[in-house]
Number of protein chains: 2
Amino acid sequence: MSPARARTSRSDIIGAARDLLEDGGLDAVSMAAVAKRVGVRPPSLYKHFADRDALIGAVATQAAVDLGDACADAVEAAGPDPTARLQALAVAYRTRAVAHPRATALLFAGIAPAAMPTPESQAEAARPVLDVVASIVGPAQALSAARVLTAFAHGFTSMETAGAFRFGGDVDEAYRFGISVLLAGLEGEGATSARS
Amino acid sequence: MSPARARTSRSDIIGAARDLLEDGGLDAVSMAAVAKRVGVRPPSLYKHFADRDALIGAVATQAAVDLGDACADAVEAAGPDPTARLQALAVAYRTRAVAHPRATALLFAGIAPAAMPTPESQAEAARPVLDVVASIVGPAQALSAARVLTAFAHGFTSMETAGAFRFGGDVDEAYRFGISVLLAGLEGEGATSARS
DNA sequence: ACCTGAACACCGTTCAAGT
DNA sequence: ACCTGAACACCGTTCAAGT
């Protein structure tokens, strides 16, 4: 008679997969484990996602959106000063990346190409960085500067969460040092290009 | 009578695993595929490695050693000027990382903790960076500066190989821009700390 | 329209048996 | 001392059948 009503949803499934990912790594995100967590049998998941790669891709896309939102909020809250905005952005990126390390790592590695976040959602997430650096180095070098800043923030936090900083020292200090080095360098480059 | 002679070796197996990794991703590094490539049956691999994680870890350690060697050679070949040495180091890092993207990515993500490269091999690989930056910012800030530089190089190349630079623009240019921004910033910071 | 049990090909790993 | 075939528990995925 009445068709079977949905016992779970796309967002439930994504949430369950994200939780399993964060506390067990990619291997822990099995279709069996996800299904058990949302209360259905594994085959039912295929009514919501084409396959496991598509589910992992959806987790990555969600992480990109959340990361972009967190950065945008932080920039907004930092007031009008470009330097303060860039610092707030870098700090917010690290805070989010360290709080959800494996979902964030998913953004830059280990995803089936077909499941990568859409260019649109990536552009949305990249907006705040582009805006902030443009106000420092100007529009002509904004794209390169955004790439450099993102590379630093992503690289640093991915090394941090992978446990690559094993020689002691103050990791917080190193991050602050990096931000101030980049700021000093960007302001120099911005001045250079403004002068020429 | 005579005990069975070895039909393969640790380094053969690591090489086969690395090749499979580079052109098929981690999923392609199955014990079955590795065994077939070296000409034995899967169970035999367990005489050489405790389990799959240990094999993946050995691939990662090998990649760390190769990367460190490539960087050290490049620094050596660049002559005495600290700026030239740092530029050569950054370029060599990227060249190697882009040529062997998945093995390099392994260094910073997705490895079982027990299988991570030993601190000794990591220290060996990190030596050239530490030496070069020490000559620019001085010993007190060498560790932080090395972390910042490595974070940039690793972050940039990992984004590049993951296909994260999708808004056009000149990727080579962005990398050069990053190096010059970091150099300008580091020289400023070095001067600052020398002054104080 | 979504859910289920049964089934398939595959995987990592163990182990007793071969040489 | 290393190799092998057989076996185990597990995984992703498909599909016909249920409601």
Side-chain angles (χ1 to χ4, degrees), chain A residues 1-61 102 106 110-116, chain B residues 1-61 102 106 110-116:
Chain A
M1 329 248 157
S2 71
R5 286 280 263 107
R7 217 159 298 181
T8 184
S9 67
R10 263 186 81 90
S11 62
D12 270 3
I13 297 170
I14 292 173
R18 197 227 305 118
D19 292 348
L20 287 165
L21 172 67
E22 283 304 344
D23 54 55
L26 252 190
D27 286 351
V29 189
S30 68
M31 298 303 263
V34 172
K36 173 174 261 184
R37 195 174 251 255
V38 300
V40 298
R41 306 288 170 168
S44 301
L45 299 177
Y46 293 82
K47 286 291 160 184
H48 301 272
F49 295 92
D51 54 23
R52 183 173 177 269
D53 281 345
L55 170 55
I56 303 290
V59 173
T61 297
R102 307 213 217 219
L106 220 52
I111 302 190
M116 289 213 345
Chain B
M1 325 248 162
S2 70
R5 287 278 262 107
R7 218 158 297 180
T8 184
S9 68
R10 263 186 80 89
S11 63
D12 270 3
I13 297 169
I14 292 174
R18 197 228 303 118
D19 292 347
L20 288 165
L21 171 67
E22 283 305 345
D23 56 52
L26 253 189
D27 287 350
V29 189
S30 69
M31 299 303 263
V34 173
K36 172 174 263 183
R37 194 173 251 255
V38 300
V40 297
R41 306 289 169 168
S44 301
L45 299 177
Y46 293 82
K47 287 289 160 184
H48 301 273
F49 295 92
D51 54 22
R52 182 173 177 270
D53 281 345
L55 170 54
I56 303 291
V59 174
T61 297
R102 308 213 218 220
L106 220 52
I111 303 191
M116 288 212 349

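Residue numbers begin at 1 in each chain, while the letters A, B, ... track the order of the sequences. Just so you know, these numbers come straight off a predicted model, no measurement behind them. Side chains included, hydrogens not; waters and symmetry mates left out as well; all remaining heavy atoms used.
- For the residue pair F49(A) and A58(A), the shortest heavy atom distance occurs at CE2-CB, 3.7 Å.
- Of all heavy-atom pairs between A32(A) and P42(A), the closest is CA-CG, 4.0 Å.
- For the contact set between residues 27-37 of chain A and DNA chain D, defined by any heavy atom under 4.0 Å, the members are V29(A), S30(A), M31(A), A32(A).
- Closest of all the heavy-atom pairs between A17(A) and V59(A) is CB-CG2, 3.7 Å.
- We find that CZ of R7(A) is positioned 6 Å from C1' of dC3(C), with the value rounded to whole Å.
- Applying the side-chain hydrogen bond (donor to acceptor under 3.5 Å, both in side chains) test to every pair with at least one member in residues 12-36 of chain A, sequence neighbours left out, gives these pairs: D19(A)-R37(A).
- The stretch residues 42-53 of chain B touches DNA chain C through P43(B), Y46(B), D51(B), R52(B), each having a heavy atom within less than 4.0 Å of the strand.
- Note that the CE atom of M116(A) and the CD1 atom of I56(A) stand 15.0 Å from one another [nearest 0.5 Å].
- To the nearest angstrom, P of dC11(D) lies 18 Å from CG of L26(B).
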Dot-bracket for DNA chain C, 5' to 3', Watson-Crick and G-U pairs with both distances under 3.5 Å, [ ] for crossing pairs, | for partner on another strand, reads ||.|||||...|||||.||
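- Between I13(A) atom CD1 and dC2(C) atom P the separation is 11 Å, expressed in whole Å.
- Across all non-hydrogen atoms, the minimal contact from L106(B) to L21(B) is CD2-CD2, 3.8 Å.
- Atom CZ of R41(B) is separated from atom C1' of dT19(C) by 16 Å (rounded to the nearest Å).
- Listed by first then second residue, pairs satisfying salt bridge (charged side-chain N to carboxylate O under 4.0 Å, His left out) with a partner in residues 39-52 of chain B number zero, not counting sequence neighbours.
- Taking CD1 of I13(B) as the reference point, atom CG of L45(B) lies at 5.0 Å (rounded to 0.5 Å).
- Without hydrogens or angle criteria, R10(B) side chain to H48(B) main chain gives a donor-acceptor distance under 3.5 Å.
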